[in-house]
Structures are given as structure tokens and as C-alpha cells.
Amino acid sequence: MAYKGKNSMSARDVFIHRSLYNGFAFSKAGEVNVTPESTKNFWFLENMHYGRIRDKSGEVSIITPKTEFLLSAGPTAANKKAGALDFVVDAYEVMKREYEKSSLQNKISSDSTYLSKLFIHKGVFSVSDQQRKLRSTLNGSFVSYANVIKDESNSILSFEDFAPFFMEFLIPVLGVTPITNSSYMISRHSSPLTSGLCLEVADLDHSKDEDKSKHFIDDPNFQIYKILAANSGFAIDKNAPWRLVADIASKKMLEFASKRVSSINTAEDILDYYFEDMRTAIGEYSIGAWMFSKSYTALKYDELDDLKRMMYGAYNALVLAKPSVSVKSVDSKRNVSTEIQKRTKETFNAINARMGNDFWYDKFIRIKNIELDLGYAETEIVKLVNSAVGLEKSFDRAKAMGYISKRMTPIISSEGSLFYEVERLGESSTTTKENAQSAARGLNKKVY
């Protein structure tokens, strides 16, 4: 069967063709095959969070691979740099050798564009790099927005003037693209490549089903590619068959991990050793010459500080684009006059010194509430802000941000999550969205 779905189609045609691909891709005899063996579907339920979200003892963490365990993989296409976690690269090296051996035995057709010989096109990348590009685009969009409604934006002469205007601009943006790292990591915008568990052997467009069929599913080498991938502990991404995904629960992938670290026996062991919470870190602390082994919790990545820098950057982007504005004023006799006023570029430290913690926590919590579609009411937001400010004063930033992350855990309220789909299929007097929001808020209530 030829699959022709692509994003440029009408909504109706996209639905029809995507449904055909989802139901019949990888089928041998035309039978329905929604979950083909040795594949992963990142568009279905919680699979979209594979290698990026961890639920341990009821605590949900957003995880990233430890950089010290990342290793280069090859050979790569056009001298590109690509890598993954060390045991994943080990598994790929074995798969590649078996692939080369099969080629020498004439089991591999030489007519294939991507499957005659394997080359790595993409590997792990930092979500921070992608976020920087997003922020740059955001700044440009904000400047354009300000230019369109210049009568209002001309009143922005300071950071204090800018803040409410910028938040107004953000509201429609956040419903489409998250801007905080933790929300971005668990959204559909974030690539599974950030997990360090994936390698891609082609550079094709993920939105074009025809290329998936032509270059992989219908390729004569695809069956042996699938078999050798599974033999090395890899699953194949159903919606991007050129993406090899380390199945950390498979016996074979666990063997590769245990050769690197003898204490690893389970998938949970891999997550313990190779990954860390992107927001916090556990370790030792010292006083003078004495080193203590007691654990502490500290911020590895400060999202509140990141928000400050994002807003600081957007303000200065506006100042740079339009350093002076025409400000109209009306005197007591109703005479209108126009005065040219200069906008002043701010330093990060100056803004940070003027704006208190209550200001930043208020903005951060409001942004997260919209990004995650949690539906907190104004009274709940105010309580969250006050609690976060109080926790930082009494303890530290890590405690305050930990409190926010637990109260604003989004997984079950995310469209596509298992809970969301179960609610969608049931009958209820309230909407699926309302049920998911209510459940998320209820589960996230903590007493400190």
C-alpha cells in the first residue's frame, strides 16, 4: 500500500491518510497492524515522553541524559557529528557490523538510497540549543507584534511598562508552543533525540508518509534492517522508520548497558545511572576542609532565572529595533503634542534588582498554567505564588521550584496521555479537558 499523507493536505485528507498509515504500515498481508512488533509509536499515549519523563514512586521527573556518558557514533553522513549514550552506541556498532556482514553475503541490495549501507544522520542534541532558536524567533515575533499595534507599544519606555504588554503577547503563543524548558521537553515539539537513546539513519521529512514507504517500509532491505535492529536491542520509530530507538527494557539492550556498568540489571537501573532530573541534582556538600556524604537538593537548571533572561532579551530586542518612540500628550486645553522619547536599554542585573520574587513567580506560574492547560483559577494562582515566595524565603529557590513543579505536573492533563484518552472515550457531563485538568490539580496537591 502506498502512503501519501503529508502536512500540506487538507485536514480531512490528512486524517484519512494518517489513519491508513497508522493502521496498516508495517503490515505484511494488508491486515490491521496498529502496534507492529519491535516498534515504538511516539505519537501514541505516554510513548511521546519516552526517555524524557520518569515516574518513580509517584514523583514525576523531567530527565535528561548525563553529558559525560554521551559518545560519538559513526560513520556519519556528510561528516556530520552525531552521538548517543555510550551503551546505545555500542549496540549500534554491533548492528552495523552485522549489517556489513550481511552485505558481504549478498543479503543486502545495493539499490537502496539509505539501507544499502548505514550512515548516521542525526543523534542526540541539547534541548537548550533548540530553545535558544525558539527564543530568537519569539523575540522577532514580539517586535513585529509591537510594530503592528504601535499606538499601544509606543507607551513602553521601561521594563515595567513592557512586562504586562509582553504577557499579553504570550497568551496565544503559549497555547501553541511552550517557552519554558520543562514544558517544552514534554510537548510534541520536543524530539526524542534529546534522550540520547536514538540515532537516525536518514534525514527525511517526518511529515511525508510517501518517503517512509519508498525509502524504508517498501525497501527490499527493510526486513533485514528490522531484524538486525531488534537483535541489537533497538525498536524502530513507527512514524520515522529511519530512527533507531534503544529499548532499555529489552534483554539485549540491557546486556550492552551492563557491559558498561556491571550493576545495571533493569531499565530503572539505566535511568538511575545515565539520567538526571533537569531541574535538580543530588550530591555531597562541604564545610571548610570537611566533606559530608549527606544528600542535598540544588537547582541544576534554574527555570525562573531562564524566564528572567527571556523577558530581559525580549525587552532589549524591542529597544534595539525601535530605540525611540513618539509619545502623544494632551494638555489642560486639549492641545495634542508629540514628543520623541528614547527607550533605555537595560542590564540583566538592573532588572533583576528592581523586580522582586513575587513578580517573577507570578509570571512563571501564569505561563506554566497556560502552557500545560491546567486551568488553575486566579485564586489558586495567587496561592501558588504566595507559597512559592514563602518557600524561597524560608528555605531556598530549589524548594520553591520543586513545589511549583509538583503542583503543576502536566502528564495526565496532556492531550494524548492515557488518562486523557480514557476520559475521551467515556461518557461524562463535563468535558475531557475539564476532567483532565481537575485530576491533574488534585494529584498535585502537596503539603509542605
Side-chain angles (χ1 to χ4, degrees), residues 6-8 11 14 18 42-44 46-53 62-64 122 125-149 162-195 205-207 239-240 278-279 301-318 321 360 362-376 381 404-405 408-417 420 433 436-437 440:
K6 52 186 176 181
N7 290 347
S8 59
V14 165
R18 291 280 189 256
F42 287 114
W43 294 357
F44 184 66
E46 273 71 14
N47 286 340
M48 63 187 283
H49 300 131
Y50 181 74
R52 289 169 286 171
I53 293 292
I62 299 171
I63 56 175
T64 55
K122 290 181 182 178
F125 66 88
S126 168
V127 71
S128 297
D129 292 339
Q130 193 161 335
Q131 277 291 74
R132 276 190 284 273
K133 294 178 183 177
L134 174 64
R135 298 291 164 79
S136 178
T137 302
L138 186 71
N139 288 349
S141 298
F142 174 68
V143 169
S144 298
Y145 171 80
N147 192 49
V148 169
I149 50 175
F162 154 84
F165 188 82
F166 184 69
M167 291 297 290
E168 185 179 301
F169 157 77
L170 276 184
I171 289 172
V173 174
L174 296 174
V176 179
T177 306
I179 63 167
T180 63
N181 254 355
S182 57
S183 297
Y184 189 87
M185 283 280 286
I186 59 172
S187 73
R188 294 184 184 274
H189 297 280
S190 177
S191 169
L193 287 170
T194 59
S195 69
D205 188 337
H206 291 233
S207 69
N239 297 294
M278 71 168 288
R279 295 160 298 194
Y301 175 79
D302 189 344
E303 282 203 282
L304 199 67
D305 188 67
D306 192 45
L307 172 65
K308 295 177 184 181
R309 295 185 184 281
M310 180 199 70
M311 291 185 67
Y312 155 75
Y315 172 75
N316 280 334
L318 180 63
W360 294 114
D362 177 81
K363 300 298 176 286
F364 182 74
I365 288 168
R366 290 181 188 280
I367 287 170
K368 297 289 286 185
N369 190 45
I370 299 171
E371 282 181 336
L372 305 176
D373 201 16
L374 287 169
Y376 278 107
I381 290 173
I404 293 171
S405 70
M408 307 191 87
T409 300
I411 307 305
I412 66 168
S413 66
S414 298
E415 185 172 356
S417 71
Y420 195 101
K433 179 177 175 181
Q437 288 174 336

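All values below come from the heavy atoms of this structure, side chains included, with hydrogens, waters and symmetry mates left out.
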Rounded distance [0.5 Å steps], [atom1] in [X] versus [atom2] in [Y]:
{"X": "Asn147", "Y": "Leu318", "atom1": "CG", "atom2": "CG", "answer": "9.5 Å"}
{"X": "Glu303", "Y": "Met310", "atom1": "CD", "atom2": "CE", "answer": "11.0 Å"}
{"X": "Ser405", "Y": "Ile62", "atom1": "OG", "atom2": "CD1", "answer": "8.0 Å"}
{"X": "Lys368", "Y": "Ile179", "atom1": "NZ", "atom2": "CD1", "answer": "10.0 Å"}
{"X": "Ile370", "Y": "Ile367", "atom1": "CD1", "atom2": "CD1", "answer": "7.5 Å"}
{"X": "Asp302", "Y": "Lys308", "atom1": "CG", "atom2": "NZ", "answer": "7.0 Å"}

Specify the closest pair of heavy atoms between [X] and [Y], including all atoms of both residues, with the distance to one decimal.
{"X": "Thr180", "Y": "Phe364", "value": "CG2-CE1, 4.0 Å"}
{"X": "Leu304", "Y": "Trp360", "value": "CD1-O, 3.7 Å"}
{"X": "Pro178", "Y": "Leu134", "value": "O-CD2, 3.4 Å"}

field: Contacts of Tyr312 that satisfy side-chain hydrogen bond (donor to acceptor under 3.5 Å, both in side chains) - sequence neighbours left out
entry: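 Partners of Tyr312 under the side-chain hydrogen bond (donor to acceptor under 3.5 Å, both in side chains) test: none.
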Quick one: are [X] and [Y] in side-chain contact, heavy atoms under 4.5 Å?
{"X": "Leu138", "Y": "Leu170", "result": "yes"}
{"X": "Met408", "Y": "Asn369", "result": "yes"}
{"X": "Ile365", "Y": "Tyr376", "result": "no"}
{"X": "Asp306", "Y": "Arg135", "result": "yes"}
{"X": "Ile63", "Y": "Ile53", "result": "no"}

task: Name the orientation class of the two ring planes belonging to Phe142 and Phe165 (parallel below 30°, tilted from 30 to 60°, perpendicular beyond 60°).
output: perpendicular
Indicate yes or no for a side-chain donor-acceptor contact from [X] to the backbone of [Y] under 3.5 Å, with no hydrogens or angles considered.
{"X": "Ser190", "Y": "Ser187", "answer": "no"}
{"X": "Ser195", "Y": "Pro192", "answer": "yes"}
{"X": "Thr177", "Y": "Val173", "answer": "no"}

message: Once salt bridge (charged side-chain N to carboxylate O under 4.0 Å, His left out) is applied, do any residues pair with Arg366, and if so which ones, sequence neighbours excluded?
response: Asp362, Glu378
